[in-house]
Amino acid sequence: METETATPWLTDGEQCAWRTYLDVNRMLTYQMEKDLQPFGLTMNDYEILVNLSESADRRLRMSDLAAATLQSKSRLSHQITRMENAGLVRRENCESDRRGLYAVLTDHGMETMRKVAPHHVESVRTHFIDQLSPAALADLHESLKPIAEQLRGRRGKP
């Protein structure tokens, strides 16, 4: 297939690797979502709970949480509203910046994390970790690291 820009098309091996990655990513995300459903959580909910539970004072500025979870501020605001309604988080004003808001993990949110985390880890282990040898897991980590670093460097860039 020719184009005006002479795009270097993927080789059969490259296309196979790319499509396998996409398949695994979709299926793994689907499975993780399915395994969180009995707890009334989505992967986005869980990621927010993890970020807040690991932060100082179980709180993050909404803008920092949006950046950490790769969500727009608007989308995160809707997500936090749903989580507030479930009693998992609350918003607090930022004293140093009247326009700023914090998302804060509630005691109920922390209790939920403690309850759900073992099940989530079991799911990750069953569907991902245990499917690879320790050497393959280390190779995968080394293989994906430069991609993650390159993409982190592009955040906020067109």
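Values reported hereafter were calculated over all heavy atoms of this structure, with side chains retained and with hydrogens, waters and symmetry mates removed. What you are looking at is a predicted structure, and each value in this text was computed from that prediction instead of being measured.
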(Q) Would you say that Leu140 contacts Phe128 through its side chain, given a criterion of any heavy-atom pair below 4.5 Å between the two side chains? (A) yes
ask   = Given the rule that I, L, V, M, F, W and Y join up when any side-chain heavy atoms are under 4.5 Å apart, are Leu105 and Tyr102 in one cluster?
value = no
Between the CG atom in Leu52 and the CE atom in Met110, the distance rounded to the nearest 0.5 Å is 10.0 Å
Note: Pro118 and Lys115 closest approach over all heavy atoms is CD-O, 3.5 Å
*Do Ser53 and Arg58 touch side chain to side chain, with heavy atoms closer than 4.5 Å?*
no
One should read off an interatomic distance between His141 NE2 and Asp139 CG, to the nearest 0.5 angstrom, of 11.5 Å
Check whether Met27 and Leu132 end up in the same hydrophobic cluster, where Ile, Leu, Val, Met, Phe, Trp and Tyr are linked by side-chain heavy atoms less than 4.5 Å apart.
no
Determine, for Lys145 against Glu142, whether the closest basic-nitrogen to carboxylate-oxygen distance falls under 4.0 angstrom.
yes
Distance col, row Asn25:CG vs Thr20:OG1, nearest 0.5 angstrom, shows 12.0 Å
inquiry  = When you compare the side chains of Arg19 and Gln15, does any donor N or O come within less than 3.5 Å of an acceptor on the partner?
reply    = yes
Taken to the nearest 0.5 Å, the spacing of Arg59 CZ from Leu65 CG works out to 13.0 Å
- Message: Counting C-beta onward and ignoring hydrogens, is there a side-chain heavy-atom pair between Ile48 and Met83 closer than 4.5 Å?
- Response: yes
Check your understanding: Should we count OH of Tyr21 as having more than 12 external heavy atoms under 6.0 Å?
Key -> no
Answer whether the closest heavy-atom distance between the side chains of Asn44 and Arg75 falls below 4.5 Å.
-> yes
For Ala68 and Asn51 the tightest heavy-atom approach is CB-OD1, 3.6 Å
Hydrophobic cluster identity match, Leu137 and Ile147, side-chain contacts under 4.5 Å
yes
Across all chains, not counting sequence neighbours, the ring-ring contact (aromatic ring centres under 6.0 Å, His included) partners of Tyr46 are His120
Separation between CG (Leu144) and CD (Glu149), nearest 0.5 Å, reads 11.0 Å
Correct closest heavy-atom pair for Met62 and Leu76 would be O-CD2, 3.3 Å
Nearest heavy-atom contact between Thr126 and Gln131 is O-NE2, 2.8 Å
Closest non-hydrogen contact found for Met32 with Ser123 is CE-OG, 2.8 Å
Rounding to 0.5 Å, atoms OG1 (Thr69) and CG (Asp45) come to a distance of 11.0 Å
(Q) Quick one about Arg91 and Thr81 (side-chain donor to acceptor, distance below 3.5 Å, no hydrogens or angles considered), yes or no? (A) yes
| message | If hydrophobic clusters are built by linking Ile, Leu, Val, Met, Phe, Trp and Tyr wherever their side-chain heavy atoms come under 4.5 Å apart, do Leu41 and Val104 end up in the same one? | response | no
- Task: May I ask you to decide whether Arg90 forms a salt bridge with Glu92, counting only side-chain N to carboxylate O separations under 4.0 Å?
- Result: yes
ask   = With the 4.5 Å side-chain cut-off for hydrophobic clustering, are Tyr30 and Met43 part of the same group?
value = no
Practice problem: Please answer whether the main-chain N or O of Leu88 pairs with a side-chain N or O of Thr106 as donor and acceptor at a distance below 3.5 Å. | Solution: yes
Closest non-hydrogen contact found for His108 with Ala86 is CD2-O, 3.5 Å
The side chain to side chain contact (heavy atoms under 4.5 Å, CB included) partner of Arg26 among Asp23, Val24, Thr29 is Asp23
query = So do the side chains of Leu36 and Thr42 get within less than 4.5 Å of each other, counting heavy atoms only?
reply = no
(request) Take atom CG of Asp107 as the centre, draw a 6.0 Å sphere, and report whether it contains more than 12 heavy atoms from other residues, nucleotides or ligands. (result) no
- Is any side-chain heavy atom of Arg61 closer than 4.5 Å to a side-chain heavy atom of Leu101? no
